[in-house]
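Numbering of ligands and ligand atoms starts at 1, following listing order. Not measured: the values here are computed from a predicted model. All values below come from the heavy atoms of this structure, side chains included, with hydrogens, waters and symmetry mates left out.
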Amino acid sequence: MKKLNLYITPALCAIFILAVDSEARQRMDEPDATVIINADQGKETISRHIYGHFSEHLGHCIYGGYWVGKDSDIPNTNGIRNDVVDALRKINIPNLRWPGGCFADEYHWMDGIGPASERPKMVNTHWGGVTEDNSFGTHEFMELCEQLGTEPVICGNVGSGTVKEMSQWVEYLNFDGISPMADLRRVNGREEPWGVKYWGVGNENWGCGGNMTPEFYADQYRRFATFCRNYGENRLFRIAGGANSEDVNWTEVLMQRIPHRMMDGLSLHYYTSNWRDKGSATDFGEDRYFDILGRCLEIERTIDRHITIMDRYDPYKRVALVFDEWGTWYDVEPGTNPGFLFQQNTMRDALVAALTLNYLNERCDRVKMANIAQTINVLQALIFTEGDQMLVTPTYHIFDMYKVHHDAQLLPLSVDTPPYTFGDRSLPAISASASRDEDGKIHISLVNIDPGETRTLTVHLRGAAAKKVTGRILASEKMNSHNTFDEPNAVVPEKYTGARLDGDRIRMELPPRSVVVLELQ
Ligand code: AHR
């Protein structure tokens, strides 16, 4: 073969650099996408509770996830893993929903108090048919919330429980005076009431929570909620068990039949999944990648349909939409218990989290709480544990990067995005959300779901001036990159240097399948 000798002189080199540079500048001048932020028009606050979590007695979420027991060799404080508490404290989790899920409607809280050795055992019929020994109960959960510095969200049992049982649980947790339940709490070692505020009245009562009609559940809700009393200064925030994804009739009937003064929140569940063929969490091609991100973006249309109904019955937005179960749902990892819902977590899941949170921020006038399912070792988990090891997933990193939005003022924005096209279908490639925190810093979270294209972007900042821009990026080598115990840092956020301030504009590039959070000062 003929050898080709290339002689590159310094002049040639300079011409080449100039050409590349001018091409890059031209790309920046004609960006693929534009975001306009109206920084002087913020009205709504993004409740930090949108960044909430959900942990059920399911697989290794509670047992092995949080709870190892006081006698474990795994470093713990009163039976709760220290590594997990440290990781969750770092992302300031604002609330934790417990004990289910479907488990909530077969859980009898009195079985989970008193000396652990005397607690009755039960079968966890929903999740693997395993024996639940009730060693993690009310006191352990409240201790966990105290260690995490987070608000408890307790979901009571409507499906197989009684009004009396639920009413007594509230009294046990919240009453300060002399009463049978407050006295029992003291016998079990806790003098002061905890003052639990967020209270779910059943879960998925259209399905695992009792297969009820919405009319029947609405009546049951009125009955149960009546006896969930306020004690002392504490005001309960009572949440009605809401609809499954598209079931707008459930929302309609509840909004119609439950007096709004009795219902502070109405829940909704939506899992991002291809229910007919859930597929692998890690072994997928672009068709599956596109499908899952498309289904995730359907959340917007679905929630908007429920909000439209709520707006009709409650135009002043007294009743909050509580999106208390969301996340991806795939086949379980090969060789694991099908009832334990353990799945890996890749960059695709990080994008689902980022898109969902951007959208929930935008709807913060109605959505006041949301809970990703589930925190540890189950579904779209933030943390995996294995024996004494722990790692955090790409989804965890999104919650870390996005914590700047907690209780910040939402800044209205518009996005002009190119499509991400796969075959004959397209999705918007770019998503964005912006907020201003109490120190005046502006944060912009930006997502590029396109797995193959870097996108240039110009952000126009109207009504505010910035002197400095910094940022963090989460990106990955492949669509299915993920963290393992052998390689726990395969997907981690890095410093982002791809943005430059140009007057009231920020010019930047978003690499394929990436999430960037900018800070403007
Ligand atoms: O998160 C797993 C299950 O999904 C919950 O127990 C239930 O509420 C939902 O169907």
- prompt: ring pair (Phe, Tyr, Trp, His ring centres under 6.0 Å) between Phe399 and His406: does it pass, once the steps are laid out?
  reply: CA-CA 10 Å; Phe399 276 79; His406 290 195; 8.5 Å; no
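- Under 4.0 Å from ligand 1, not a single heavy atom of Phe103 appears.
- Each of Tyr221, Trp169, Phe224 was checked for a ring-ring contact (aromatic ring centres under 6.0 Å, His included) with Trp199, and the lone residue meeting it is Trp169.
- Looking only at heavy atoms of the protein, atom 10 (O) of ligand 1 is closest to Glu204 OE1, 2.7 Å.
- Taking every heavy atom of Asn203 and a limit of under 4.0 angstrom, the matching atoms of ligand 1 come to 8 (O).
- Contact annotation: for Trp326 versus ligand 1, there are no heavy atoms closer than 4.0 Å.
- Listed by number with element, the atoms of ligand 1 under 4.0 Å from a non-hydrogen atom of Phe54 are 1 (O).
- For the pair Gln374 and ligand 1, the shortest N or O to N or O distance falls below 3.5 Å.
- Residue Cys102 places at least one N or O, backbone or side chain, under 3.5 Å from an N or O of ligand 1.
- Residue contacts with ligand 1: Tyr271 is included, with a non-hydrogen atom under 4.0 Å away.
- For the pair Asn377 and Phe384, the tightest heavy-atom approach, listed with the atom from each and the gap, is OD1-CA, 3.2 Å.
- Using a 4.5 Å heavy-atom threshold, the side chains of Lys278 and Trp329 count as touching.
- Residue-environment remark: CG (Asp283) stays at or below the threshold of 12 foreign heavy atoms within 6.0 Å.
- With a 4.0 Å cut-off on non-hydrogen atoms, Leu379 touches ligand 1 through its side chain and not its backbone.
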Candidate pair Asp291 and Arg295, rule salt bridge (Lys or Arg N to Asp or Glu O under 4.0 Å), full reasoning: CA-CA 6 Å; Asp291 180 59; Arg295 287 172 195 273; 3.0 Å; yes
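- Remark: minimum distance from atom 8 (O) of ligand 1 to any protein heavy atom is reached at Glu325 OE2, 2.8 Å.
- Put simply, the side chain of Leu382 reaches to within 4.5 Å of the side chain of Ile91, judged on heavy atoms.
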